[in-house]
Participant: 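Would you mind keeping the following structure in view while I ask a few things?
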Amino acid sequence: MTDAQSPLSPEGRSWPELAAALRELKRDDLDWRRGRHAAFVWHADDAVEEVAREAHALFMTENGLGLRVFPSLRRMEADVVAMVRHLLGGDAATAGHLTSGGTESIFLATHAAREWARRHRPDVTAPEIVAPWSAHPAVNKAAHYLGMTVRRVPVGAGFRADLPAMAAAITPRTVMVYGSAPTYSLGVVDPIAELADLARARGLWLHVDACVGGILGPFVRALGHPVPEFGLALPGVTSISADLHKSGYTAKGASVVLFRSAQHQAAGRYDFDDWPTGLYSVNTFTGTRPGGAVAAAWAVMHFLGEAGYRRIAATVMDAKARLVEGLARIDGGLHVWGAPELWAVGFGSEALDIFTLADRMTARGWSVGRIREPRGIHLMITPVHAPIIDEYLADLARAASEARGAAAPSPTQTVY
Ligand SMILES: *Cc1c(COP(=O)(O)O)cnc(C)c1O
């Protein structure tokens with residue numbers, strides 16, 4: 001130890017004091033309970049939050065690395081995977097597991113695709129992935145860690161994956177094709193059925209990034225909204241990721257990755273035996289896995305059930321419709337980019353500088369998501385946004401009138 005005073009308190013501090021300090025620490029955080037956020041937080045309601053918190057606390061100490069000694073976690077994981085498999089068109093052959101989030105699910109699918117290719121196409125030494133430009137950075141992050149290359153292909157009509165361009169980007173080194181359902185930035189669903197046909201025809205692995213839409217998307221479709229099929233019912237889909245901590249409304253640290261078969265899943269499994277303790281064999285990137293995230297996912301999904309998710313789907317789609325109608329009434333040429341099928345939207349304007357409008361909204365206390373190309377404002381609509389759509393639109397109208405008079409475009413940089 002050094003001479004400097006330790007940042008650890010010498011005798012420890014009391015929990016009441018720390019609890020107060022924690023609440024104080026939250027003071028400048030995003031005001032998500034009142035829907036002031038554009039992304040990052042998915043809150044259904046207080047009852048769901050309570051279920052997640054209690055379930056999480058019950059299993060906070062248990063470790064999903066030790067499924068041998070925690071049959072509870074094994075059963076809950078299998079149960080959650082079965083629920084997601086049902087939602088995403090899987091069958092008895094489908095295999096999958098829980099992960100810590102979308103990034104890990106995508107990493108594991110990409111890793112499995114690379115290992116699958118190593119086995120079946122050993123001639124490919126520099127594997128490539130073909131993805132639309134709209135793909136989430138997680139696929140590049142995975143490729144970066146895995147020594148792979150991503151060819152990002154400009155999007156086509158409606159900001160969706162451009163099939164002919166994607167097909168043209170496939171080389172003898174391509175091992176994986178990628179599509180989103182929906183994309184993060186504009187919320188549009190790529191033509192997954194066509195990508196699946198393409199992948200099948202070329203003998204390639206197709207990963208569907210349904211991190212945003214995977215859980216609630218099927219309920220939006222069941223309500224009668226036109227949501228194209230994007231799951232395992234399409235024979236060319238090899239793997240699909242769906243985040244429970246996004247539209248599953250469970251606690252953070254939970255996502256599912258599904259594979260067409262146990263063989264595809266096994267391709268990504270990591271085994272190691274050359275050390276004192278013996279065989280270490282895991283499906284996940286992480287070693288220790290938080291039992292709380294598994295229990296919270298299990299409890300929230302059973303708590304909501306079909307009816308609960310249908311209710312959330314109806315709420316967010318109604319709020320989206322009111323937002324889209326309201327945008328058209330504002331003097332400023334505001335319009336949604338593309339035709340997003342779900343609750344994530346991006347909107348822009350040719351009549352005013354949209355980032356100046358975003359600055360004015362920020363000044364009014366809204367946390368605003370920005371999109372660089374096409375220039376726009378991004379919003380993931382959740383149930384907490386439903387009651388404040390009118391307030392949001394009223395502030396947008398005021399911000400638009402200020403933005404119309406702006407001399408120069410806002411120089412603000414876009415960040416995730
Ligand atoms: C959020 C997201 C991811 C990454 O998921 P994390 O849970 O943030 O790791 C990947 N793809 C899409 C489309 C996403 O929205």
Side-chain angles (χ1 to χ4, degrees), residues 30 32 37-43 52 80 84 88 96-111 113 129 131-146 150 152 155 159-161 176-192 195 206-217 220 227-228 230-231 237 239-258 284-286 289-290 293-294 296-297 300 316 337-338 340-346 369-371 378-382 414-416:
L30 185 63
W32 54 266
H37 60 301
F40 301 123
V41 173
W42 301 71
H43 176 65
V80 169
V84 177
L88 295 178
H97 45 270
L98 259 73
T99 74
S100 61
T103 301
E104 189 187 0
S105 289
I106 291 164
F107 176 88
L108 294 173
T110 307
H111 175 246
I129 300 162
W133 190 68
S134 54
H136 189 278
V139 65
N140 280 73
K141 192 176 184 182
H144 174 73
Y145 288 144
L146 292 165
V150 182
R152 282 191 175 242
V155 292
F159 305 100
R160 298 179 207 280
M176 185 168 105
V177 179
Y178 195 92
S180 307
T183 62
Y184 178 81
S185 308
L186 296 182
V188 297
V189 177
D190 282 326
I192 303 296
L195 287 174
L206 172 64
H207 180 73
V208 177
D209 175 356
C211 286
V212 168
I215 308 300
L216 203 60
V220 171
V227 180
F230 56 78
V237 174
S239 57
I240 183 166
S241 48
D243 291 354
L244 305 172
H245 63 203
K246 285 182 182 157
S247 69
Y249 288 90
T250 76
K252 283 190 177 47
S255 170
V256 167
V257 59
L258 296 180
T284 50
F285 180 83
T286 54
R289 293 200 293 157
V294 179
V300 166
V316 297
W337 288 119
E341 289 89 345
L342 303 172
W343 50 83
V345 296
R370 294 171 198 239
I371 311 156
H378 175 239
L379 186 59
M380 291 267 182
I381 298 170
T382 69
T414 52
V415 289
Y416 193 144

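Reckoned from all heavy atoms, side chains included, excluding hydrogens, waters and symmetry mates. For ligands, and for the atoms within them, numbers begin at 1 and follow the listed sequence.
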Participant: Only one of Ser241, Ser100, Ser255 forms a side chain to side chain donor-acceptor pair (under 3.5 Å) with Ser105, so which one is it?
Facilitator: Ser255
Participant: Verify, without hydrogens or angle tests, whether Ser180 (side chain) and Pro182 (backbone) share a donor-acceptor contact under 3.5 angstrom.
Facilitator: no
Participant: Given side-chain contact (heavy atoms from CB on, under 4.5 Å), test Leu244 with Val84 step by step and report yes or no.
Facilitator: CA-CA 9 Å; Leu244 305 172; Val84 177; 3.9 Å; yes
Participant: Could you work out, for atom 2 (C) of ligand 1, the closest of Lys246, Met380, His136 by heavy-atom distance?
Facilitator: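 The nearest heavy atom belongs to Lys246.
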Participant: How far is atom 11 (N) of ligand 1 from the closest protein heavy atom, and which atom is that?
Facilitator: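 So the nearest neighbour among protein heavy atoms is Asp209 OD2, 2.6 Å.
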Participant: For atom 9 (O) of ligand 1, what's the nearest protein heavy atom and its distance?
Facilitator: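 Checking every protein heavy atom, the shortest distance to atom 9 (O) of ligand 1 gives Thr103 OG1, 2.5 Å.
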Participant: Using the six-membered ring wherever Trp is involved, compare the ring planes of Tyr178 and His207 and label them parallel, tilted or perpendicular (cut-offs 30° and 60°).
Facilitator: tilted
Participant: Mind checking whether Tyr184 has an N or O less than 3.5 Å away from an N or O of ligand 1?
Facilitator: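 There is no such contact.
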Participant: Within ligand 1, which atoms have a heavy atom of Asp243 less than 4.0 Å away?
Facilitator: 5 (O), 7 (O)
Participant: List ligand 1 atoms under 4.0 Å from Ile106, heavy atoms only on the residue side.
Facilitator: 10 (C), 11 (N)
Participant: Applying a strict 4.0 Å limit to heavy atoms, is His245 in contact with ligand 1?
Facilitator: yes
Participant: What are the atoms of ligand 1, with element, lying closer than 4.0 Å to any heavy atom of Gly102?
Facilitator: 4 (C), 5 (O), 6 (P), 7 (O), 9 (O)
Participant: Can you find an N/O atom of Glu104 closer than 3.5 Å to an N/O atom of ligand 1?
Facilitator: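 N/O-N/O distance under 3.5 Å: no.
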Participant: Between Lys141 and Glu104, is there a salt bridge with N-O shorter than 4.0 Å?
Facilitator: no
Participant: Out of curiosity, Leu258 CG to Ile240 CD1, how far, rounded to the nearest 0.5 Å?
Facilitator: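 With rounding to 0.5 Å, CG (Leu258) is 7.0 Å from CD1 (Ile240).
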Participant: Please check if the number of heavy atoms outside Tyr416 that lie under 6.0 Å from its OH is greater than 12.
Facilitator: yes
